Q: 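Below is a structure I'd like to ask you about.
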Amino acid sequence: MDAIELLKHDHRMVEQLFRDYRGAASARQRRAVVETVIRELSKHAAIEELMVYPLARKVLADGQQEIEEHLAEHMGMKRTLLALDQLPAAGRHSETYPDGHRGGEGDEQIFEQTDRLMAELQREVEEHVAEEEGLMLPKLRAALDQQTLDELARELKKAKRTAPSRPHPRAPDQPPALAMAAPVAGVYDRLRDRLQGRPTT
């Protein structure tokens, strides 16, 4: 799997997570999907910003402008992810069933906010993916040889293991500052994830 295929694989995984969210049978399942979406999109954005976008800036004729647009889209998604991450979890014993019955005092507002934010995030992701897969990734494939794409895939996989697992909209989104901030944020995020019992990859 080369770098382009790896990025597209991430896109397909997130699309599946949105379907999983809509199909979840309980509040606990929905929250688990939300946490997985937060983690996967945060990691994906970090590795794109650290490794893919700087390369695209250099090798694509219109790379500077195109990457600025992608970074702006990332910022919008990070803000939505942060809002999702900051929502309190529904009550431990509350459940949401497919028929719409919801339990747990005060949880209705949390469910509505989560649904709204997930729908907003899905729209943002769909637009971003369409632009990346329709424009940037084909141009990147044409500009790079297969060996470079294979090497980039190996580096992306390594970087993803230590990338931040939560959104950081105030953090730098371009090297060299990103190269220093991302590992620190990644360590902090993994510690928070462990303390809060969140799933990890």
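Start at 1 with the first residue, then count along the sequence. No experiment lies behind these values; they were computed from the predicted model shown.
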Q: How many angstroms lie between atom CG of Leu140 and atom CD of Glu66, to the nearest 0.5 angstrom?
A: 9.0 Å
Q: Please confirm whether the backbone N or O of Pro167 pairs with a side-chain atom of Lys78, one donor and one acceptor, at under 3.5 Å?
A: no
Q: With a 3.5 Å distance limit and no angle check, can you tell me whether Asp145 reaches the backbone of Thr148 through a side-chain donor-acceptor pair?
A: yes
Q: Transitively linked via ILVMFWY side-chain contacts under 4.5 Å: Leu152 with Ile67?
A: yes
Q: Hydrophobic cluster membership, with links at side-chain heavy-atom distances under 4.5 Å among I/L/V/M/F/W/Y: are Met118 and Leu81 in one?
A: yes
Q: Rounded to the nearest 0.5 Å, what's the gap from CG on Leu121 to CZ on Phe18? Could you check?
A: 4.0 Å
Q: With clusters defined by side-chain heavy atoms of hydrophobic residues (ILVMFWY) lying less than 4.5 Å apart, directly or transitively, does Val14 cluster with Met75?
A: no
Q: Of the non-hydrogen atoms in Leu117 and Thr80, which two are nearest, and what is the gap between them?
A: O-CG2, 3.6 Å
Q: What pairs with His74 under ring pair (Phe, Tyr, Trp, His ring centres under 6.0 Å), at least two apart in sequence or on another chain?
A: Tyr53, His128
Q: Minimum heavy-atom separation for Arg161 and Lys43, please, with both atom names.
A: O-NZ, 3.9 Å
Q: Could you walk me through whether Arg30 and Val33 pass the side chain to side chain contact (heavy atoms under 4.5 Å, CB included) test, one step at a time?
A: CA-CA 5 Å; Arg30 282 188 176 167; Val33 172; 5.7 Å; no
Q: For the pair Glu155 (side chain) and Met51 (backbone), establish whether a donor and an acceptor sit closer than 3.5 Å, ignoring hydrogens and angles.
A: no
Q: I'd like to check the side chain to side chain contact (heavy atoms under 4.5 Å, CB included) partners of Leu6; sequence neighbours left out, ordered by chain and number.
A: Met1, Leu156, Lys157
Q: Hey, does Asp10 have a side-chain heavy atom less than 4.5 Å from the side chain of Glu40?
A: no
Q: Between Arg12 and Glu15, does any side-chain N to carboxylate O distance fall below 4.0 Å?
A: yes
Q: For Ala163 and Ala46, work out which heavy atoms get closest and say how close.
A: CB-CB, 4.1 Å
Q: Between Leu135 and Pro138, what is the shortest heavy-atom contact and its length?
A: O-CD, 3.3 Å
Q: Test Asp20 against Leu17 for side chain to side chain contact (heavy atoms under 4.5 Å, CB included), laying out the working first.
A: CA-CA 5 Å; Asp20 292 347; Leu17 287 169; 4.0 Å; yes
Q: Can you confirm whether the side chains of Glu5 and His9 place a donor and an acceptor under 3.5 Å from each other?
A: no
Q: I'd like to know if Val125 and Leu7 are part of one continuous hydrophobic network [Ile/Leu/Val/Met/Phe/Trp/Tyr, side-chain heavy atoms within less than 4.5 Å].
A: no
Q: Can you tell me how far the CG atom of Leu50 sits from the CG atom of Leu55, to the nearest 0.5 Å?
A: 11.5 Å
Q: Say whether Val34 and Leu82 are linked into one hydrophobic cluster, either directly or through other cluster members, by side-chain heavy-atom distances under 4.5 angstrom.
A: no
Q: Can you find a heavy atom in the side chain of Glu132 that is under 4.5 Å from one in the side chain of His70?
A: yes
Q: Can you list the steps and then say if Asp2 with Arg141 is a salt bridge (Lys or Arg N to Asp or Glu O under 4.0 Å)?
A: CA-CA 10 Å; Asp2 69 23; Arg141 180 172 293 289; 2.8 Å; yes
Q: Verify side chain to side chain contact (heavy atoms under 4.5 Å, CB included) between Ile4 and Leu144, making sure each step is shown before the conclusion.
A: CA-CA 11 Å; Ile4 306 298; Leu144 300 172; over 6 Å; no
Q: Looking at Glu35 and Arg31, is any side-chain nitrogen of the basic one under 4.0 Å from a carboxylate oxygen of the acidic one?
A: yes
Q: Test side chain to side chain contact (heavy atoms under 4.5 Å, CB included) on Asp150 and Arg154 and set out the steps.
A: CA-CA 7 Å; Asp150 291 340; Arg154 286 191 290 276; 4.1 Å; yes
Q: Considering residues, nucleotides and ligands other than Gln146, do more than 12 of their heavy atoms fall under 6.0 Å from its CD?
A: yes
Q: Is the shortest side-chain heavy-atom distance between Arg22 and Gln122 below 4.5 Å?
A: yes
Q: What closest approach, in Å, do Glu48 and Pro54 show between heavy atoms, and which atom pair accounts for it?
A: O-CD, 3.9 Å
Q: Let me know which of Glu126, Glu133, Gln16 forms a side-chain hydrogen bond (donor to acceptor under 3.5 Å, both in side chains) with His11.
A: Glu133
